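Quick notes on the structure that follows.
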Amino acid sequence: MAYYYPEPSHTFSEYLLVPGYTSEDCIPDRVSLRTPLVKYRKGFEEPAISLNVPLTSAVMQSVSNDTLAIALAKEGGISFIYGSQSIESQAAMVAKVKNHKAGFVTSASNLTPDATLADVLALKARNGFSTVAITDDGTANGKLLGIVTSRDYRVSRMEPTDRVRDFMTPREKLITAPAETTLKEANDIIWAHKMNSLPIVDENDRLMYFVFRKDYASHKANPLELLDEKKRYLVGAGINTRDYAQRVPALLAAGADVLVIDSSEGFTCWQEKTIAWIREHYGDTVKVGAGNVVDKDGFLFLAKAGADFVKVGIGGGSICITRETKGIGRGQATALIDVAAARDEYFKETGIYVPVCSDGGIVHDYHMTLALAMGADFLMLGRYFARFDESPTPRIMVNGVYMKEYWGEGSNRARNWQRYDLGGSSKLSFEEGVDSYVTYAGPLHENVEGSLYKVKSTMCNCGVTNIPDLQANAKLTLVSSVSIVEGGYHDVTLRSSSQGK
């Protein structure tokens, strides 16, 4: 007969952490969130790649592009550029991240001199940037002809049809710097001339980058930046079990630091074959994660197949309807606890530590700490990052509230059939994800900083200052439905002035 698990599976919201002794050393500023990304011989060597914060962004069209990858790397995490696009376009995104020079920004707002004030205002409303590069072809790398900032026009005294050429600051009045200029030299020029931005141009006067005054403080404020040995941002990329022989070489040529097999279910021969192909052609030099699984058997299968990390979670994502449509999956907390125990057992037997990624089920910030305490080495988040300025989707107004679009890879919109590939026809037979909105939350930096401060503060309440100690010493308790209600405000009437505090 079928096997029945003796206990029901649980979600994060059914658990609470019990405080431990907090010493004088347990303050948030002393908490380290550094964590391994790929497998290693624990106790004998350091991981080839570690994260400075335990956050990765999901392999999704509405989440992980080059813009978000750069923003997250600045915070110490890593993005996995989505694979449900052409090999060429995915590789191009990876290359943009690797070619991005910290402090050197490719212009995101560009027009030709024939554009109008209305075009400038529309561009500013769409992306929020006040500096517009005016180039001969309206691209970020065209011949620089001028710049428009908010100081160049006054809406109340001008007509929407006024041409950019008539009010822009022309090229002959601009201070620029050549391609070989270092970031320090660029900032010195900015400060010496009291500028807000400095265009960097090549020998043909084509625009390459901007260096902004405001980014100097930003660069100093990101001591946890995740960089490779050449001081470039680290970036990951998603692959599938169909075209890996063509996709993997292209992504590696573009500079991808780590790969992950993007699949809703990883306990399959297809993932085993994909990993085997990578090991045959690249050995252990290419790092590749696999998943997703929800139990010991699934973890051991992928670990023995050669996965560098294993993702845990089926059906727990906010846009995922796999459990609803197929009746398959497991509560995320229970799945994570089971897999983490298997990870520790595998380490004792082999001496190889295979990091575990908790993918899905994170609704509140405190769920992050719970997931880490339950054994996750790092987290993969979709909805969380989709809300930020840096995600690929536009900010739109819905019923008076700013929202951002967010859709599942198994939705008709994404049509990422490869993610649900079971060796059959090349199509999406039914949906396993929905198309939705999430509430706009602003810049990634401010949100991540706030979320991780909560994680650090909670770790201090537990008496620990690093993730391994949290996993070893945390005390967790299941809570009843009544105590869940007790945990929020109750038996009071909120004052309207305090609703947002």
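Here the structure is a predicted model, which means the values were calculated and not measured.
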Q. Are the side chain of N99 and the backbone of A95 linked by a donor-acceptor contact shorter than 3.5 Å?
A. yes

* **4.5 Å side-chain heavy-atom contact, Q90 and Y82** => no

Practice problem: Run the salt-bridge test on D188 and K184 with the 4.0 Å N-O cut-off and return the result as yes or no. | Solution: yes

Note: P392 and N65 closest approach over all heavy atoms is CG-CG, 3.5 Å

| query | In this structure, are over 12 heavy atoms from other groups packed under 6.0 Å from Y453 atom OH? | reply | no

Rounded to the nearest 0.5 Å, the CZ atom of R34 sits from the CG atom of D377 at a distance of 13.0 Å

- Item | Beyond-backbone contact of I362 with M368, side-chain heavy atoms, under 4.5 angstrom | yes

For G306 and K39, the nearest pair of non-hydrogen atoms, with its separation, is O-NZ, 3.4 Å

Looking only at heavy atoms, the pair that brings G266 and L302 closest together is O-CD2, 3.4 Å

Here the gap from T35 atom OG1 to L379 atom CG, rounded to the nearest 0.5 Å, amounts to 9.0 Å

Handout entry: Carboxylate-amine/guanidinium proximity below 4.0 Å for R395 and D389
Key = no

Report task. Please determine if D202 and R206 form a salt bridge, counting it only when a charged side-chain N lies under 4.0 Å from a carboxylate O. Result -> no

Checklist line | Ring geometry between F210 and F212 (parallel below 30°, tilted from 30 to 60°, perpendicular above 60°) | finding: tilted

Q.
Side chains of R30 and D25, heavy atoms from C-beta outward: is any pair under 4.5 Å?
A. yes

Should the ring pair F309 and F378 be called parallel, tilted or perpendicular, given that the plane angle runs from 0 to 90° and is split at 30 and 60? perpendicular

Show your reasoning for whether side chain to side chain contact (heavy atoms under 4.5 Å, CB included) applies to L372 and Q471.
CA-CA 7 Å; L372 295 172; Q471 295 170 342; 5.5 Å; no

Under 4.5 Å between any side-chain heavy atoms of R171 and D205, yes or no?
yes

One should read off an interatomic distance between R242 CZ and T274 OG1, to the nearest 0.5 angstrom, of 10.5 Å

* Starting from the C-alpha separation in whole Å, work towards a yes-or-no answer on ring pair (Phe, Tyr, Trp, His ring centres under 6.0 Å) for F44 and Y40. => CA-CA 8 Å; F44 295 94; Y40 67 111; over 10 Å; no

Here the gap from H367 atom NE2 to Y384 atom OH, rounded to the nearest 0.5 Å, amounts to 14.0 Å

Looking only at heavy atoms, the pair that brings L224 and V53 closest together is CD1-CG1, 4.1 Å

* **Presence of salt bridge, K456 and D365, under 4.0 angstrom** => no

Donor-acceptor pair, distance only, cut-off 3.5 Å: does the side chain of S391 make one with the backbone of F388? yes

With a 4.5 Å limit on heavy-atom distance, are the side chains of E390 and I70 in contact? no

query: Counting only N and O atoms by type, is there a donor-acceptor contact under 3.5 Å from the side chain of E45 to the main-chain atoms of R41?
result: yes

Counting only N and O atoms by type, is there a donor-acceptor contact under 3.5 Å from the side chain of D257 to the main-chain atoms of V235?
yes

| message | Evaluate S130 against S150 for side-chain hydrogen bond (donor to acceptor under 3.5 Å, both in side chains), listing each step before the verdict. | response | CA-CA 6 Å; S130 58; S150 56; 5.1 Å; no

Value for CD1 (I81) from CG (D262), rounded to nearest 0.5 Å, stands at 12.5 Å

Here the gap from M374 atom CE to T369 atom OG1, rounded to the nearest 0.5 Å, amounts to 10.5 Å

TODO: Give me the ring orientation class for Y346 and F299: parallel if the planes are under 30° apart, tilted from 30 to 60°, perpendicular past 60°.
DONE: perpendicular

- Take E405 and S62, measure what side-chain hydrogen bond (donor to acceptor under 3.5 Å, both in side chains) needs, and give me the verdict at the end. CA-CA 7 Å; E405 295 176 302; S62 55; over 6 Å; no

Under 3.5 Å: donor-acceptor pair, side chain of D338, backbone of T334 | no

Open item on the list: If we ignore hydrogens and angles and just use 3.5 Å, is the side chain of D136 paired with the main-chain N or O of K143 as donor and acceptor?
Closed with: yes

| query | If we only count heavy atoms from C-beta on, is the H193 to L198 side-chain gap below 4.5 Å? | reply | no

Would Y366 and T458 count as a side chain to side chain contact (heavy atoms under 4.5 Å, CB included) if you check the C-alpha gap in whole Å, the side-chain angles of each, and the deciding distance to 0.1 Å? CA-CA 8 Å; Y366 81 91; T458 306; 5.7 Å; no

Heavy-atom nearest pair, A186 first then V211, reads CB-CG2, 3.9 Å

For side chain to side chain contact (heavy atoms under 4.5 Å, CB included), just list the numbers for Y233 and K74, CA-CA rounded to whole Å, side-chain angles, deciding distance to a tenth of an Å, and then say yes or no. CA-CA 8 Å; Y233 290 127; K74 288 180 179 180; 3.4 Å; yes

All heavy atoms of I200 vs all of P178, minimum pair found to be CG2-O, 3.5 Å

Whether D243 side chain and Q246 backbone form a donor-acceptor pair below 3.5 Å | no

Do Q271 side-chain atoms and T268 backbone N/O form a donor-acceptor pair below 3.5 Å? no

- Task: Determine yes or no for a side-chain-to-main-chain donor-acceptor pair under 3.5 angstrom, with T22 supplying the side chain and C460 the backbone.
- Result: yes

- Mark yes or no for whether D308, through its side chain, and G289, through its backbone, hold a donor-acceptor pair below 3.5 Å. no

Paired with K287, the side-chain contact (heavy atoms from CB on, under 4.5 Å) test is passed by just one of I278, V260, V38, namely V38

Notebook entry, point to check: Quick one: does Q61's side chain get under 4.5 Å of Q85's, heavy atoms only?
Noted result: no

For L476 and L17, what are the C-alpha separation, side-chain angles and deciding distance, and is it a side chain to side chain contact (heavy atoms under 4.5 Å, CB included)? CA-CA 5 Å; L476 297 102; L17 285 157; 3.8 Å; yes

### Query
Do the non-hydrogen side-chain atoms of Y406 and T393 ever get within less than 4.5 Å of each other?
no

